[in-house]
Amino acid sequence: MITFAVLAVVMVVGALGVVLLRQPVHAALSLVGTLLTLAVVFVTLQAHFLAAIQVIVYGGAIMVLFLFVIMLLNLKEEATKTRAAYRWVAYGVGVIAAAAIAVGALLDPRQAPDALAVSEALRGGSPELIAEVLFGEFMLAFQLVGVLLLTGMVGAVALVQRHNEPPRPGTPLADASRRDARGTR
Amino acid sequence: MTLPADFIVVSILGPAIVMLVFAMITLLFAVFQVDRSATASMALVGVGTAAVFALHLLMKGQQGAAEAGFGLRYLGDTPATAFTLVILLGTALAILVSEADLSRLGLDHPEYYPLMLLSATGAIVLASAGDLITLLLGLEIMSLAVYALAAWRQGSRQSEEAGMKYFLLGAFASALLIYGIALTFGAGGRFDYAGLAAAFSAPGFDAHVLALLGAVLLLAGLGFKVAFAPFHQWLPDVYTGAPTPVTTFMSVVVKTAAFAALLRIASTVFASLGAGPLGELLPIMLGILIGATLIVGNFGALLQSGVKRMLAYSAVAHAGYLGLAVLAADTVGTNAAIFYLTAYTLMTAGAFAVLSAITNADDRGDEIERFAGLAARRPFLAASLAIVLMSLAGLPPFAGFVGKLLVFQAAISAGYVALAVLGIATSVVAVVYYARVITYMYFRESDQETIRPLAPTLRIAVVIAVVGTIALGILPGFWYGLVERGQVLLAGF
């Protein structure tokens, strides 16, 4: 319980940092802290595989993307052009929503399941359980995700690579539309 | 955990796998820079092969031997295969229009046909889905490819705007849909429709509010794709901005697949919610959406001066008529929708095919004045357009009339008389804007330049559309009878 309390405080502080820090890079690093703390919480719940995924996917891949975007856009300081009134409305809605979730969770009559039963069901947090579902019951969905990724890739290549492709001979309109393209930009 | 022995059923995946394989073949054609018309022919061969597999499944359904696999997550029953055939028909017509038009428009980049086949694969998966995860994946495969195709004309503001708008609103719709799936799973503890329907109608079920919230979000997410008002805002801009061959594909294939999914959910999950204490709320919401769609679509179309934009609003209006079949939420409604969508595919693809023969090289110039005197200059095109427009308006003896009749019948027998009357009233409005184009073609003098000769593939597309429209109008029983005699898995909850 004490471990959880300490971790919870660190997580909430990190989350507040994401919202309150002015520098986007600092905010992103604060988010890394929150995500890593969440991974530790997963470890204390015996969900080792989930913890590893949390670190690799969220703490690793997604954060690197965030930082790339921030660096590429070269944002020096948060743009403070939103009107103050809107900001207070947003704060209000956020606080009410957070309070509603907290009250809802505290008032929920259901008891948390026994820790032993949970670790029994998780089988030591090994990826075996996930594999059984993913390659068994949901094998069709698993294959379809592959098709989805391929579609995304072909679509992205088709749209981006066009700029490097020379106009093919035999299509006079290709040249015309290209000229038109430069004109409209 | 061990799976049952009949868990994997490859035969029902036939049409989707064939489309995927031919998408790969055309992609390899792109790598080795094979001629574009050869690629288009290969794509057509793929569609034909997939249709053979789908017909085989349809015949199995006739004999009452329809199959489902993966624990009812993927279905090969009559509605699924009939929708698959409609999707393949729409894809074939779109490929024919593309082959005629793409090089003229300077848009025949090598990834075009692979993306179109991948999108059709997603559409087939969406139409055959028996659980919410398969539904979501099919929807995303279909949509991702179409987002790229909508922005196909780079450098054109409208096309890029179309792609961007479609992508952002599509992402928003997907977010709603995923949230709906999460809440539905939270309420029912299952993803598959059969399990959800059983959980919702079980005696001790108490999460009615959660289930209703999930259902409403599912309806909103799919409402974006089928363009129910007020979720139709993206449609006119996207249809107008995208290149005409892509618009042809979007208006027929995407709409068919999205309605197939919506009908399946409505007749299982929504129907099982209907018996609960909050059950009457969902049909009321759907009824409001349909009423708004009928009014917005038809009166919106009345106000347009561009024919492409008019057809876009008419697509919204037809979503309203199809919505009446969704509201009926039974096998009769599903069969009516299958017939309506077959007719709609033929009519709409025919209208867009003629349109693509008339517009300028830059795909502009769809003002109604351009159609003045078309009957004198191009009697074939004018007559074809007149036939498909009369069918779209719902005039006998064309397919659109039978489709509307079946849909109204389904709505009335399910007890939604007021909405059916609204549908009939707005059909009268529809006649006005379709007839306006016909009037321009036949009763106005033209000062327009002669338009270019008709490409052979475009002629084939127009002939298929017109012959199909007339044949389905005169002999509706052939196709409707096949659908009606078929076997439906997963219904009657």
Side-chain angles (χ1 to χ4, degrees), chain A residues 97 100-101 104-105 108-110 121 123 126-185, chain B residues 1-3 7-8 13 16 20 23-24 27 30 33 36 69-71 73-74 102-112 114-115 118-119 121-122 125 129-131 133-134 136-149 151-157 160 163 191-192 361-363:
Chain A
I101 291 172
D108 197 75
R110 284 174 289 184
R123 289 191 223 161
S126 76
E128 193 185 323
L129 258 178
I130 293 172
E132 267 183 19
V133 177
L134 198 60
F135 299 108
E137 210 182 338
F138 287 99
M139 66 168 78
L140 181 68
F142 183 73
Q143 303 287 339
L144 285 173
V145 169
V147 182
L148 177 63
L149 289 176
L150 176 83
T151 311
M153 218 152 54
V154 175
V157 168
L159 286 184
V160 173
Q161 209 198 15
R162 200 85 58 76
H163 294 294
N164 310 327
E165 187 183 295
R168 282 187 305 106
T171 53
L173 285 165
D175 304 334
S177 73
R178 230 156 258 277
R179 235 178 291 125
D180 177 48
R182 261 178 241 118
T184 49
R185 290 248 167 93
Chain B
M1 185 185 73
T2 47
L3 295 168
F7 188 76
I8 301 173
L13 288 172
L20 190 60
M24 297 304 105
L27 204 56
Q33 301 194 323
R36 291 293 179 274
F70 306 94
R73 287 192 172 76
Y74 197 93
L102 280 184
S103 58
R104 176 174 75 83
L105 301 170
L107 294 174
D108 57 343
H109 304 288
E111 300 89 353
Y112 184 87
L115 275 177
L118 281 170
S119 183
T121 312
V125 171
D131 85 330
I133 301 280
T134 315
L136 176 71
L137 288 167
L139 186 82
E140 289 301 315
I141 294 169
M142 176 181 82
S143 304
L144 267 185
V146 175
Y147 299 148
L149 289 176
W152 206 241
R153 182 201 299 283
Q154 296 215 326
S156 150
R157 271 284 165 74
E160 284 178 356
F191 285 116
D192 54 323
D362 63 351
D363 211 14

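Everything quoted here is computed from the prediction, not taken from an experiment.
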- Query: What distance separates Leu148(A) CG from Glu140(B) CD, expressed to the nearest 0.5 Å?
  - Reply: 6.5 Å
- Closest heavy-atom pair, Ile133(B) versus Ala141(A), reported as atoms and distance to 0.1 Å, is CG2-CB, 3.7 Å
- Message: For a quick test of reading the model, state the closest non-hydrogen atom pair linking Gln154(B) to Leu159(A) and the distance between them.
- Response: NE2-O, 3.0 Å
- Message: If I compare all heavy atoms of Ala148(B) with all of Gly155(A), which pair ends up nearest, and what's the gap?
- Response: CB-CA, 3.9 Å
- Engaged part of Leu136(B) at the chain A interface, taking heavy atoms whose separation is under 4.5 Å: neither
- Task: To the nearest 0.5 Å, tell me how far Leu140(A) CG sits from Tyr74(B) OH.
- Result: 7.5 Å
- Query: Between Phe7(B) and Gly136(A), which heavy-atom pair has the shortest distance, and what is it?
  - Reply: CE2-O, 3.3 Å
- Note on the structure: Exactly one candidate in Leu118(B), Val146(B), Thr121(B) meets side-chain contact (heavy atoms from CB on, under 4.5 Å) with Thr151(A); the answer is Leu118(B)
- Item | Closest non-hydrogen atom pair between Leu144(A) and Leu137(B), with its separation | CB-CD1, 3.9 Å
- Non-hydrogen atoms of Leu115(B) and Ala158(A) that approach each other most closely: CD1-CB, 4.3 Å
- Item | Per-residue contact mode, Leu149(B) against chain A (heavy atom under 4.5 angstrom) | neither
